[in-house]
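Okay, structure first, notes after.
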Protein chains: 2
Amino acid sequence: MKRTLIKNIGILQTPSGCYSHKGSKQGVNVKMTDAAIAVEDGIIKEIIEGGRLPEGDFDEEIDAEGNVVTPGLVDGHTHLVFGGYRQHEIAMKLAGAGYLDILNAGGGILDTVRKTREATEEELIQKSMGFLDEMVGMGVTTTEIKSGYGLDYENEMKLLRVIRELGEKHCMDVVPTFMGPHAVPPEYEGKGDEYIEMICSDILPAVRQENLAEFCDIFTEDSVFNAEQSRKYVECAKSLGFELKIHADEIEAIGGSELAGEMGATSAEHLIAITESGMNALAEGGTTAMCLPATSFYLDKTYAPARKMIEKCIPVAIASDFNPGSCPSLNLQFAVNLGCLKYKMTPEEVLTAVTINPACAINRGNIVGTLEEGKQADLVIWDAPDFEMVCYRFGSNMAKHVIKKGQLVK
Amino acid sequence: MKRTLIKNIGILQTPSGCYSHKGSKQGVNVKMTDAAIAVEDGIIKEIIEGGRLPEGDFDEEIDAEGNVVTPGLVDGHTHLVFGGYRQHEIAMKLAGAGYLDILNAGGGILDTVRKTREATEEELIQKSMGFLDEMVGMGVTTTEIKSGYGLDYENEMKLLRVIRELGEKHCMDVVPTFMGPHAVPPEYEGKGDEYIEMICSDILPAVRQENLAEFCDIFTEDSVFNAEQSRKYVECAKSLGFELKIHADEIEAIGGSELAGEMGATSAEHLIAITESGMNALAEGGTTAMCLPATSFYLDKTYAPARKMIEKCIPVAIASDFNPGSCPSLNLQFAVNLGCLKYKMTPEEVLTAVTINPACAINRGNIVGTLEEGKQADLVIWDAPDFEMVCYRFGSNMAKHVIKKGQLVK
């Protein structure tokens, strides 16, 4: 057994319990001063405050030097496995083209699909390992990853195998989501119904069979998959035992949030255009609002009504949405800054939104997302005396040390 | 003599010449493919493209591995020497308080003044050296630094000595600006005229005598220093041989830009509220528009009309405005991203705005800011095939290697 002591923690700040159920305590954090943590074989054994130290001998000691310590960050929404990049769309965007303009011009996501199909598993793994390294360096210790740039049987399975291998190879905990219905592939242009049928009959059973995904997700949007197609897909996925996520109300509200709440989806994503009815459905369904502020930032859109959703007792999570089109940033600390600056959330609410709430929304709330005895010792020692400083000093990487399962990984 | 070869440059991208005079070519960059640079004792000796290599032997070879190389970035506007931090104002801002509300409540800049006065020179140097390290790591090789948190003779001189020592100790080239009239100090509350008089009679001559600053700057704003006080100050500074900068039109247009143009100021700063008349004055005066997009971002304000100023042949520079109140970010790459996303500038225009234009605006246009034979070998090897990628991948530090006077410093 390996015993590690993390000592001299100026402030230990953590949400307590999971706020993915009714009754919002999103803005409540536990704060202990002059704390220490005893870790045994990667699990938190004891947390103690007030300058005392846990008893016993330790194999390793890590000195937090009076800084603030929080749970490792959890990124609940990424599309981080993709071929190519789309930096040259900047010129199109400067000329005023929107997401759907670029998509309809055969660019955008379909360009990424072409390059993802061309890439080998090994190429995708190598590129994605670099992204995961960078994310860990910024304090993220658990992430969700979606497929969705393959858009056919062979390539979606390839992406899910890549995601599985990333989880096996990298220290990051990885949660896989199947998102075949991310766009209508070129071979099915104008035949969205048939594409959904093919997914339901061919791909979903194979993903289930090989146990390659825990969640299924779909881009429910007027010009992508309509409400009826979405319902068919999520019903099929649910019947096969998958848990659900729905990209809802990003551009227009066509019933995605309502469907998410009704089906008991674990989370609904984006929610920029969510209506009262959509919010009521999320609150009823116990569905987490997965808010993606860096996408609003990059696309120069309005921001999801995160504060209003917190007031309605909907658990709010904040994720990076890292993807090559609408949000080429994997920096979850920047999403933290946007949480304060644009959503007007308090630092405590934001910390909850990047730890326990996304952890619950990817079914890891019992393992990570808070600092509690019995949970994994995933934590960040910030280069800061308090978490307010992390919210404030945007643009700098404030993660000084990152500890994953008790191991110093930065 | 030390000879260094920088080879295998996929694209060498640089503005050519200085766009700080009438006739805008802000969007024109030279791009060479498969280039190499020969450096002798820190100075660019030869630039060659098309896969050929400069002749002769070299003491050191640096392989750019096919990446894009640009001039080292120049940050033309910072307030990076200060005591304390102001992260706890986040709570005030979330409650709706504005810059002037916080100032009028005795907080804001006056809180920083208190902590700066309490700090020793050694403490300020140590803290600021850390900032300069971080900036170099992000690709900045020359920076301006303003005093302005001392607000009395002793402490303004202390800050200017700290700035001088930073330039001597650190590899970063540092250009000092005196900004005593940054705010009215508590001892002169309601007596702005007297404070300006004291500066003109006591501090400015001493700064001149000890050669502690090249530029003088003032915060021209209705609630800080009005147009008349500003004129008195800049006329005195000019008569003593200082060059001028003016914080103008940040909140309200009270004539700051007009004064800057009329007095031939090297730059005018902020310019969020600039009017047609102000723009005409800058164009007439050959005054650079020093735009600070990260401040607009952090304060959730509108953005300066950078595109419009480019169209009016005003040279536009983009700087960080790093300071503990309105912009606690030293990340000039993030300002680059904002240049594209918010100012709607092209990548070429933005590169000009963070290299040669600010270099000219701090009187270093003959030494740095472009990659040309005879200039200092200050450059960035980006982890990117083109500069568009740097504009696109916001949130990641894209500077792979940084070379200062021919030396690899990252």
Side-chain angles (χ1 to χ4, degrees), chain A residues 27 68 85-91 93-96 130-131 134-135 137-138 294 297-300 303 307 320 322 324-325 327-350 383-398, chain B residues 27 68 84-91 93-96 130-131 134-135 137-138 294 297-300 303 307 320 322 324-325 327-335 337-350 383-398:
Chain A
V68 63
Y85 287 100
R86 278 154 51 197
Q87 73 271 32
H88 301 295
E89 286 177 15
I90 288 177
K93 286 179 186 159
L94 288 173
F131 294 149
E134 200 179 344
M135 288 166 71
M138 292 179 175
F297 168 77
Y298 189 68
L299 299 181
D300 224 348
Y303 287 80
R307 273 237 66 80
S320 72
F322 179 43
C327 190
S329 164
L330 52 68
N331 186 340
L332 193 57
Q333 284 181 46
F334 181 60
V336 162
N337 304 131
L338 291 171
C340 290
L341 294 173
K342 302 301 175 179
Y343 290 154
K344 308 296 182 191
M345 287 164 66
T346 66
E348 290 81 3
E349 287 169 339
V350 170
D383 188 10
D386 48 45
F387 190 66
E388 285 76 4
M389 185 71 92
V390 178
C391 298
Y392 161 83
R393 285 204 54 202
F394 70 101
S396 288
N397 180 4
M398 300 298 288
Chain B
V68 64
Y85 287 99
R86 279 157 48 198
Q87 74 270 31
H88 300 296
E89 287 178 13
I90 288 178
K93 286 179 185 158
L94 287 173
F131 294 149
E134 198 179 345
M135 289 167 71
M138 290 178 177
F297 167 78
Y298 189 68
L299 299 181
D300 223 348
Y303 286 81
R307 273 238 68 80
S320 71
F322 179 42
C327 191
S329 165
L330 51 68
N331 186 340
L332 193 57
Q333 285 182 44
F334 182 60
N337 304 130
L338 291 171
C340 289
L341 295 173
K342 303 299 176 180
Y343 290 154
K344 307 295 181 193
M345 288 164 66
T346 65
E348 290 82 3
E349 287 169 339
V350 170
D383 188 11
D386 49 44
F387 190 67
E388 284 77 3
M389 187 71 91
V390 179
C391 298
Y392 161 82
R393 284 203 56 201
F394 70 102
S396 289
N397 180 4
M398 299 299 288

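Chain A is the first sequence line, chain B the second, and so forth, proteins listed ahead of strands; every chain is numbered from 1.
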If you round to the nearest 0.5 Å, how far is [atom2] of [Y] from [atom1] of [X]?
X	Y	atom1	atom2	value
B:S329	A:F334	OG	CZ	9.5 Å
A:H88	B:C391	NE2	SG	11.0 Å
B:Q87	A:F387	CD	CZ	12.5 Å
B:Y85	A:E388	OH	CD	15.0 Å

Exercise for review: Find the one option among A:G395, A:A384, A:C340, A:A91 whose heavy-atom pairs under 4.5 Å with chain B are most numerous.
Suggested key: A:G395

**Study point:** Validation row: A:L330, B:R393 side chains within 4.5 angstrom (heavy atoms)
**Key:** yes

Check your understanding: How about A:N397 and B:E134: do any of their side-chain heavy atoms sit closer than 4.5 Å?
Key -> no

Need one label for [X]: side chain, backbone, both or neither, based on atoms under 4.5 Å from any heavy atom in chain A.
X	result
B:M345	backbone
B:A335	neither
B:P324	both
B:Y343	neither
B:N337	neither
B:I90	side chain

Exercise for review: Can you tell which part of A:L94 gets under 4.5 Å to a heavy atom of chain B, answering side chain, backbone, both or neither?
Suggested key: side chain

Practice item. Considering only heavy atoms and a distance below 4.5 Å, find which of B:D386, B:L332, B:L299 pairs most often with chain A. Key: B:D386

Practice item. Could you tell me how the ring of B:F297 sits relative to the ring of A:F394: parallel (under 30°), tilted (30 to 60°) or perpendicular (over 60°)? Key: tilted

Check your understanding: What's the verdict on side chain to side chain contact (heavy atoms under 4.5 Å, CB included) for B:K342 and A:D300, showing C-alpha distance, side-chain angles and the deciding distance?
Key -> CA-CA 8 Å; B:K342 303 299 176 180; A:D300 224 348; 2.8 Å; yes

